[in-house]
Protein chains: 2
Amino acid sequence: METRTVREQLLDYAQTLIMLRGYNGFSYRDLAELVGVKTSSIHYYFPTKEDLVLEAVNVYSSESLAEMYAIDSSQSADLRLDRYARLFGKILGDGDQICLCGMLAADIASLPEHVRQAVQSFFKSNETWLGKLLAEGKKNGTLMVSGGPEAAGRVLYASLQGAVVASRLFGTRTRIEEVTKAYKVH
Amino acid sequence: METRTVREQLLDYAQTLIMLRGYNGFSYRDLAELVGVKTSSIHYYFPTKEDLVLEAVNVYSSESLAEMYAIDSSQSADLRLDRYARLFGKILGDGDQICLCGMLAADIASLPEHVRQAVQSFFKSNETWLGKLLAEGKKNGTLMVSGGPEAAGRVLYASLQGAVVASRLFGTRTRIEEVTKAYKVH
DNA sequence: GTCTATACCCCGATAGAC
DNA sequence: GTCTATCGGGGTATAGAC
């Protein structure tokens, strides 16, 4: 028996559809069929598709960032990088999904300004967190980092976003690990 | 006066629209208005939208790879990396476009198998070329590279694809340079 | 809250005149 | 080659019964 509310299910399946096909690649009909309601019921909860995607990105963002911040900060930097990369790898799902915010960044020209701001905010949080991690790993000698920590965080995050896209394109799961390996001291 | 054939204009504007909004984000109507013909004329050249996108990716791929292979191989590896990055930066256009194959990789779930193969082929050519460049730079001591050249090429290419997406998201042009800086010896 | 019914427009695609 | 006209279906969104 399904215990989640219809609203919760709508947001959950909307996230999946966006991660699969992007903002312009799914319809209220697709979503309605997945949840087992009519399209007019979606409009009851989310008057417009832009309302739906904004709420989806906010939920995705808060849940993903909570998982990131929950990574035990008493561990060494290289172990925390592995844990972060494992979170990132989970995004792939059955191998056919990419990061919701990475997808919306690709679709950004079709989206309103407040969605852009939400996606920017998610990127910045990840980049900053990674930057601090890399700074620590550099100090400890557990990670190889070139340049300032802020720029290094942005470069690493871009690599991971690119890696998850390429992973899906080629049907592999190894590319995220390749990124983290490049920072390991051996 | 416009000297290009209608077919050439269609392919050129189709590339731009895909780089802006993705496969599901533009219509034959959008394209027809840009070129100044009716939608039925597009069907004369490209019976289906999938025909159009396949031809667009083939043209984009051959032109982009030609520019890449034209980079003077007598230069040092770090200078060639700069030239490659400058090519990559040109993609941004007015700041609102990303790589056509990066966009189609995001839209891959909506596309037929032969488009996936064309996009994969483009990725592989770039990754291989970058891998050889990095191997050479490592040998000469002009670039800092960690791990094997093939994996390093894949990681660098993912970084650049991610960087161009983030550049557009944040309205900046500095992110591609940040990537190449991370490989420079200083 | 969820439904049926529908408005209104856009979509890719085709037929056939010129 | 390019057009007009149209087909069949899908798109988001709304009105109003229950």
Side-chain angles (χ1 to χ4, degrees), chain A residues 1-57 59 103-104 106-115, chain B residues 1-57 59 103-104 106-115:
Chain A
M1 184 192 132
E2 180 62 69
T3 56
R4 289 174 300 166
T5 66
V6 168
R7 193 189 143 90
E8 284 165 345
Q9 292 179 68
L10 286 171
L11 282 171
D12 192 33
Y13 281 112
Q15 280 183 33
T16 302
L17 285 170
I18 295 169
M19 293 166 79
L20 271 168
R21 284 185 248 147
Y23 179 71
N24 295 308
F26 81 101
S27 68
Y28 268 34
R29 179 183 293 193
D30 299 327
L31 182 53
E33 283 169 3
L34 280 173
V35 177
V37 295
K38 300 297 175 181
T39 60
S40 49
S41 295
I42 308 179
H43 285 284
Y44 171 78
Y45 296 102
F46 307 101
T48 72
K49 202 180 176 186
E50 290 180 357
D51 295 326
L52 172 65
V53 70
L54 180 60
E55 183 69 9
V57 62
V59 170
M103 180 61 94
L104 293 181
D107 288 337
I108 203 68
S110 307
L111 292 163
E113 185 56 30
H114 49 267
V115 172
Chain B
M1 186 192 130
E2 181 63 68
T3 55
R4 289 174 300 168
T5 67
V6 169
R7 193 189 144 90
E8 285 166 345
Q9 292 179 68
L10 286 171
L11 282 171
D12 191 33
Y13 281 112
Q15 280 184 34
T16 301
L17 285 171
I18 295 169
M19 294 166 79
L20 271 168
R21 284 185 247 147
Y23 178 71
N24 294 308
F26 81 100
S27 69
Y28 269 34
R29 178 184 292 196
D30 298 328
L31 181 54
E33 283 170 1
L34 280 172
V35 177
V37 295
K38 299 297 176 181
T39 60
S40 50
S41 295
I42 307 179
H43 285 284
Y44 171 78
Y45 295 101
F46 307 100
T48 72
K49 203 180 175 186
E50 290 180 357
D51 295 326
L52 172 64
V53 69
L54 181 60
E55 183 70 8
V57 62
V59 170
M103 179 62 92
L104 294 181
D107 288 338
I108 203 69
S110 307
L111 292 163
E113 186 55 29
H114 49 266
V115 172

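Lettering of chains follows the sequences in order, A, B, ..., and the numbering in each one begins at 1.
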Handout entry: Near-strand residues of residues 14-30 of chain B, defined as heavy-atom separation under 4.0 angstrom from DNA chain C
Key = B:Phe26, B:Ser27, B:Tyr28, B:Arg29

Problem - Partner residues of B:Tyr28 under the ring-ring contact (aromatic ring centres under 6.0 Å, His included) criterion, sequence neighbours left out - result: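 If we apply the ring-ring contact (aromatic ring centres under 6.0 Å, His included) test to B:Tyr28, skipping adjacent residues, the hits are B:His43.
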
Between [X] ([atom1]) and [N] ([atom2]), how many Å, whole number?
X: A:Ile42; N: D:dT14; atom1: CD1; atom2: P; answer: 14 Å
X: B:His43; N: C:dA13; atom1: NE2; atom2: P; answer: 5 Å
X: B:Asp51; N: C:dT14; atom1: CG; atom2: C1'; answer: 15 Å

Handout entry: Close side-chain approach of A:Gln9 and A:Arg4, heavy atoms under 4.5 Å
Key = yes

Practice task
Compare all side-chain heavy atoms of A:Thr5 with those of A:Leu10 and state whether any distance is below 4.5 angstrom.
Solution key: no

Exercise for the section: Name all pairs fulfilling the salt bridge (Lys or Arg N to Asp or Glu O under 4.0 Å) condition that reach into residues 17-31 of chain B, sequence neighbours left out, sorted by first residue then second. Expected result: B:Arg21-B:Asp30

Exercise for the section: Keeping to residues at least two apart or across chains, list the salt bridge (Lys or Arg N to Asp or Glu O under 4.0 Å) pairs with something in residues 43-55 of chain A. Expected result: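 Applying salt bridge (Lys or Arg N to Asp or Glu O under 4.0 Å) to every pair that reaches into residues 43-55 of chain A, excluding sequence neighbours, yields A:Arg7-A:Glu55.
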
Handout entry: Closest approach of B:Ser41 to B:Tyr45 (non-hydrogen atoms, all atoms of both residues)
Key =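 For B:Ser41 versus B:Tyr45, the nearest heavy atoms are O-CD1, 3.3 Å.
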
Handout entry: Closest contact, heavy atoms only, A:Ile18 versus A:Leu104
Key =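 Closest heavy-atom pair between A:Ile18 and A:Leu104: CG2-CD2, 3.7 Å.
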
Problem - Sugar-phosphate or base contact per nucleotide [nucleotides 1-6 of chain C; S, B, -; heavy atom under 4.0 Å] - result: BBBB--

Exercise for the section: Quick one: list whatever passes side-chain hydrogen bond (donor to acceptor under 3.5 Å, both in side chains) with A:Thr16, sequence neighbours left out. Expected result: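 Residues passing side-chain hydrogen bond (donor to acceptor under 3.5 Å, both in side chains) with A:Thr16: none at all.
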
